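The block underneath contains the structure these notes are about, expressed in structure tokens.
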Amino acid sequence: MFSSATYQQRRQVLAQRIGNGLILLPGNIELPFNYTANTYPFRQDSTFLYYVGLDEPELNVLIDAATGETHLFGDDTSLESEVWTGPRPTLAEKAALAGIVHTHPAAAWAPALAAAREADRPLHFLYPYQAEIQLALCEYLHLSPADLKAAASEALVQACFAQRAYKTDAEIEQIEAALATTARMHVAAMRTARPGMQEAEVMAAVAREAHTDHVVPAYGIILSVRGEVLHNHHYHNTLTSGQLLLIDAGAESPMHYAGDITRTIPVDKTFTPRQRDLYDVVLAAHEAAAALLRPGISYRAVHDAAALQIAEGLTRLGLMQGDPAAAVEADAHALFFVHGLGHMLGLDVHDMENYGEQHIGYTPDISRSPDFGTKYLRLARKLEAGFVLTVEPGIYFIPALIRLWEREDKFRAYICYDRLGAYLDFGGIRIEDNYLITPDGSRRLGPHIPRTTAEIEAERALAW
């Protein structure tokens, strides 16, 4: 945890921004895997972590927005429970770590909400993503599920974003700690993978690095020779000579800040000429995007610059044709670059995404594009100093999508369909790094992870 003063100050700022009523911060609960006593690994809600810091289930917090006074609700661990879990801090000890004076039994949470309702005090809460918490709030607040969503506080979303979007030096240290582990995860993949292995064997080597550092992956590891499947969490393929292996993996820091890095490596010692050509196009798009990062530029403009680099590169290689700028304007490049350039990063790998992408990545004057590919851009707003974000351009050859667009005769003026048949088994390439927006530009976070073809091939040579 950070110091108790850090959490006190964060809550005080939040209370001042809300101004009146009560702020509800329900903590997460343990969820059953297949029966009640067999639970998923616990992960605390990120908003609760930001304002309270306590990484324990079955805790709830009320903040009086008029005074900043904070109340923690929970129970001490019983002796019977300690048989299974070992000794745990008391509720008072937990409260002290978070700078909270007032504590109450867990059973007092519902009556406190009922009393607030009876007093007609405004209740500010975020719409919960755990169904059990949704149902509990519906019961306590006498709301239907539909009404609960409508009653969620827009003011609280905006107030939380206004704090969490701007990372402090202490938070950057946590992200860099996550990236230090993440770097070892990716190097492990580069030094482990070779033809004939199962994806699962390489994934195990990657995950081992996180667990060795006493942390966990920040999200389900994506590791596949089917890199054109963007979120491929299956590990049953055999690595075969001539293929590429895409690894999208990141660790959480001990305080749950995330790293999010992607590298694409050859299954062989070296890239083939065709792989190298396409990899260099993606790397050029990444470098062009990173060079633009600075306060005041919209991330949509950065995304468009990366898309133009990809269209220009594919045109040089004979896979696209015509004017690359016109192709991007028409959205023809989205056949190959099918997603947005990146997203915010912090306590969540897609930071604050539970608040709603429209609130985090967009503003009232910047709306989401309806076009294929660009509509998946999670971040389009103007960048500000203190933001941490990802840059992750890619090129993918998705057979079903290629065949569909060819049947529909889409963008034939820009796409060389007659040459794409030879690429239907190519897979995909993505290169991702994490950046802090500084007052005068940006800084790539974390240790250097091999990213050029020469650097990756040098690391791959150690696998043999």
Side-chain angles (χ1 to χ4, degrees), residues 1-4 7 24-62 70-113 126 128-140 174 177-178 181 185 200 203-204 206-221 233 250-258 347-349 354:
M1 291 178 65
F2 296 123
S3 69
S4 61
Y7 299 106
L24 282 58
L25 298 179
N28 278 349
I29 63 174
E30 291 187 303
L31 296 174
F33 182 75
N34 54 353
Y35 56 88
T36 302
N38 186 25
T39 61
Y40 287 99
F42 177 73
R43 172 51 157 87
Q44 183 60 279
D45 173 70
S46 293
T47 304
F48 193 91
L49 283 174
Y50 185 83
Y51 290 105
V52 184
L54 296 173
D55 195 12
E56 300 268 353
E58 313 295 341
L59 297 173
N60 295 301
V61 159
L62 277 181
T70 302
H71 298 260
L72 177 66
F73 298 78
D75 292 323
D76 291 335
T77 305
S78 68
L79 178 60
E80 184 175 341
S81 296
E82 287 189 4
V83 170
W84 302 96
T85 65
R88 304 298 305 162
T90 66
L91 185 66
E93 289 169 337
K94 294 173 188 175
L97 292 172
I100 297 173
V101 174
H102 306 285
T103 62
H104 311 272
W109 169 250
L113 300 185
L126 303 168
Y129 49 84
Q130 282 193 346
E132 288 79 0
I133 296 176
Q134 292 176 17
L135 293 173
L137 284 182
C138 285
E139 178 184 350
Y140 301 152
Q174 284 293 311
T181 301
M185 294 165 72
M203 192 279 289
V206 171
R208 181 181 183 276
E209 293 298 321
H211 293 291
T212 298
D213 274 0
H214 306 284
V215 295
V216 297
Y219 52 94
I221 294 170
H233 294 134
E252 283 196 344
S253 75
M255 292 174 61
H256 297 294
Y257 285 81
L347 274 168
D348 309 298
V349 67
N354 63 303

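Since the model is a prediction, treat every value here as computed from it, not as a measurement.
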Set of ring-ring contact (aromatic ring centres under 6.0 Å, His included) partners for Tyr129, sequence neighbours left out: none
Could you check Val61 against Tyr51 for side-chain contact (heavy atoms from CB on, under 4.5 Å), going step by step and ending with a plain yes or no? CA-CA 10 Å; Val61 159; Tyr51 290 105; over 6 Å; no
Any side-chain to backbone donor/acceptor pair from Glu252 onto Val216? Under 3.5 Å, distance only. no
Can you tell me how far apart CD1 (Ile29) and CG (Leu59) are? Round to the nearest 0.5 Å. 12.0 Å
Could I get the full list of salt bridge (charged side-chain N to carboxylate O under 4.0 Å, His left out) partners for Asp45, not counting sequence neighbours? none
Would you call the rings of Phe2 and Tyr7 parallel, tilted or perpendicular, taking 30° and 60° as the class edges? tilted
So which heavy atom on Ile133 is nearest to which on Gly27, and how close? CD1-O, 3.4 Å
Intermediate values then yes/no, side-chain contact (heavy atoms from CB on, under 4.5 Å), Glu132 and Leu31: CA-CA 9 Å; Glu132 288 79 0; Leu31 296 174; 3.4 Å; yes
If you take all heavy atoms of Ala251 and Val215, which pair is closest and at what distance? CB-CG2, 4.2 Å
Residues in salt bridge (charged side-chain N to carboxylate O under 4.0 Å, His left out) contact with Asp55, at least two apart in sequence or another chain: none
Any residue meeting salt bridge (charged side-chain N to carboxylate O under 4.0 Å, His left out) with Arg88, in chain and number order, not counting sequence neighbours: Glu56
Note: Ala210 and Thr181 closest approach over all heavy atoms is CA-CG2, 3.8 Å
Quick one: does Leu137's side chain get under 4.5 Å of Leu113's, heavy atoms only? yes
ring-ring contact (aromatic ring centres under 6.0 Å, His included) partners of Tyr35, counting only residues at least two apart: none
Heavy-atom pair of closest approach, residues Ala178 and Ala258: CB-C, 3.9 Å
If you measure from CD on Glu209 to CE on Met185, what distance do you get to the nearest 0.5 Å? 8.5 Å
Grab the two heavy atoms, one from Leu347 and one from Arg43, that are nearest each other, plus how far apart they are. O-NH2, 2.6 Å
Looking only at atom types and distance, does a side-chain atom of Asp76 sit under 3.5 Å from a main-chain N or O of Leu91, one as donor and one as acceptor? yes
Run the side chain to side chain contact (heavy atoms under 4.5 Å, CB included) test against Glu93 and tell me which residues pass, sequence neighbours left out. Pro89, Thr90
Would you say the side-chain atoms of Ser253 pair up with the backbone N or O of Tyr257, donor to acceptor, closer than 3.5 Å? yes
Would you sort out whether Leu24 and Leu62 count as a side-chain contact (heavy atoms from CB on, under 4.5 Å), showing the intermediate values? CA-CA 5 Å; Leu24 282 58; Leu62 277 181; 3.6 Å; yes
Nearest heavy-atom neighbours spanning Asn34 and Asn38: OD1-ND2, 2.8 Å
Between the CD atom in Glu30 and the CD atom in Glu58, the distance rounded to the nearest 0.5 Å is 7.0 Å
Between the side chain of Gln44 and the main-chain N/O of Leu54, is any donor-acceptor distance below 3.5 Å? yes
I need the Met1 CE to Leu49 CG distance, nearest 0.5 Å. 9.0 Å
What orientation do His104 and Phe73 show, parallel under 30°, tilted 30 to 60°, or perpendicular over 60°? parallel
